[in-house]
Amino acid sequence: MEVQEIITFIMEMLGTVAFAASGAMVGVGQKMDIFGVCVLGVVTSVGGGMIRDIVLGIIPPGVFQNPVYAAVATVTSCLVFLVLYLKKELLEGHFKETYDKIMLMMDSVGLGIFTVVGVNTGIHQGYLNNTFLLVFLGTITGVGGGLLRDMMAGVPPYIFVRHVYACASIVGAIACVVIYRSFGAVAAMVVSSAIVILIRFLAARYHWNLPNLERR
């Protein structure tokens with residue numbers, strides 16, 4: 001296995017764990033049972049990648065060809081459920097702030113990693129010169145799982161109420177394409193995922209959300 005493939009696999013595993021944890025935490029917050037929590041965790045982890053693969057004509061999608069990602073997501077979701085079930089106080093009082101910070105961290109890491117994985121997958125399929133497609137693939141891989149998660153959990157989709165969420169993915173995808181063409185895959189994946197994560201943390205820190213239009 002080449003260095004690039006090893007780095008890609010490690011990043012995918014990190015993203016899978018991060019997104020599974022965020023999905024499971026949403027499920028626990030919605031008072032779902034362990035099955036519901038696992039479903040949300042898995043969907044959050046692999047949902048965006050499945051949409052990406054269908055767009056690219058990869059049938060069956062990669063998650064069905066290599067079930068290790070779904071397995072890791074399931075184990076992660078179960079662990080999160082057990083921890084929060086045994087320690088219910090983590091969802092209450094002053095622990096709630098810590099919970100929110102962990103949720104932000106997991107969601108941001110997953111978003112950054114899967115955005116660049118989506119771009120990388122499109123490049124490997126031979127679309128290096130199609131910037132629009134690559135940016136779309138990166139964005140849908142990054143936000144698709146979270147969108148499905150929120151719809152299944154019955155909460156407003158994150159990309160519609162946290163405006164910098166999808167925008168951070170788009171910026172990261174564009175950066176990934178540009179850096180890949182100049183410096184190669186490894187630099188593109190590491191730097192671009194870091195850009196997405198940084199934007200998300202800055203957005204949360206300084207409340208960079210666009211105002212909502214309200215009917216008066």
Side-chain angles (χ1 to χ4, degrees), residues 7-8 10-26 29 40-41 44-45 47-49 52 76 80 90-91 94-120 122 131-132 134-150 153 155-214:
I7 293 176
T8 300
I10 292 174
M11 293 185 71
E12 287 179 334
M13 284 294 101
L14 290 174
T16 298
V17 171
F19 260 171
S22 74
M25 291 168 75
V26 170
L40 282 194
T44 307
S45 295
R52 175 202 66 217
T76 302
V80 170
L90 295 177
L91 297 174
H94 67 278
F95 289 108
K96 186 66 168 59
E97 183 178 349
T98 301
Y99 169 89
D100 291 338
K101 289 180 179 179
I102 294 175
M103 181 69 179
L104 171 66
M105 180 182 68
M106 292 298 182
D107 223 26
S108 298
V109 170
L111 179 66
I113 290 177
F114 278 118
T115 294
V116 299
V117 167
V119 173
N120 204 39
T131 302
F132 179 76
L134 293 179
V135 173
F136 172 80
L137 293 173
T139 303
I140 199 64
T141 306
V143 307
L147 176 61
L148 294 175
R149 172 199 67 199
D150 294 340
V155 299
Y158 219 57
I159 62 173
F160 299 145
V161 297
R162 294 291 182 270
H163 304 276
V164 180
Y165 189 78
C167 293
S169 182
I170 293 172
V171 171
I174 294 173
C176 188
V177 174
V178 173
I179 296 173
Y180 187 101
R181 290 171 178 169
S182 301
F183 302 101
V186 175
M189 294 184 72
V190 174
V191 174
S192 300
S193 58
I195 289 174
V196 175
I197 294 170
L198 179 61
I199 292 175
R200 286 285 298 124
F201 274 95
L202 289 176
R205 175 66 178 80
Y206 296 105
H207 307 289
W208 291 349
N209 286 322
L210 300 176
N212 296 319
L213 294 178
E214 297 182 356

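Only a predicted model underlies this, so the values are computations on that prediction, with no experimental measurement involved.
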Sub-4.5 Å side-chain heavy-atom contact between Met106 and Val17: no

Taken to the nearest 0.5 Å, the spacing of Ile113 CD1 from Met13 CE works out to 10.5 Å

Quick one: side chain to side chain donor-acceptor pair (under 3.5 Å) pairs with a partner in residues 168-177, sequence neighbours left out? Thr115-Ser169

Please report the interatomic distance OG1(Thr16) to CE(Met11), rounded to the nearest 0.5 Å. 11.5 Å

Could you tell me whether the side chain of Leu134 reaches within less than 4.5 Å of the side chain of Tyr180, counting heavy atoms only? no

Find out whether Phe19 and Asp107 are in side-chain contact, i.e. whether some heavy atom of one side chain is under 4.5 Å from a heavy atom of the other. yes

Is there a donor-acceptor pair under 3.5 Å between the side chain of Ser193 and the backbone N or O of Val190? yes

When every non-hydrogen atom of Ser192 is compared with those of Ala175, the smallest separation belongs to OG-C, 3.4 Å

Rounded distance [0.5 Å steps], CZ in Phe114 versus CG in Leu14: 9.5 Å

Under a 3.5 Å cutoff, is there a donor and acceptor pairing between the side chains of Thr139 and Arg52? no

To the nearest 0.5 Å, how far apart are CD1 in Ile10 and CE in Met189? 10.5 Å

Run the numbers on Phe160 and Asp150 for side chain to side chain contact (heavy atoms under 4.5 Å, CB included), then give the verdict. CA-CA 11 Å; Phe160 299 145; Asp150 294 340; over 6 Å; no

A side-chain contact here means heavy atoms from C-beta on lying under 4.5 Å apart; do Leu111 and Val143 qualify? yes

Looking at OH of Tyr165 and CD1 of Ile199, how far apart are the two atoms once the value is rounded to the nearest 0.5 Å? 13.5 Å

Could you tell me whether the side chain of Val135 reaches within less than 4.5 Å of the side chain of Val119, counting heavy atoms only? no

More than 12 foreign heavy atoms under 6.0 Å from CZ of Phe201: is that the case here? yes

Heavy atoms, side chains only, cut-off 4.5 Å: are Thr44 and Leu148 in contact? no

Gap between atom CG of Leu137 and atom CG of Asn120 - 0.5 Å precision: 11.0 Å

Are Met105 and Ser22 side-chain neighbours, meaning at least one heavy-atom pair lies under 4.5 Å? no

Candidate pair Met25 and Ile102, rule side chain to side chain contact (heavy atoms under 4.5 Å, CB included), full reasoning: CA-CA 10 Å; Met25 291 168 75; Ile102 294 175; 4.0 Å; yes

Minimum heavy-atom separation for Ala21 and Thr76, please, with both atom names. N-CG2, 3.9 Å

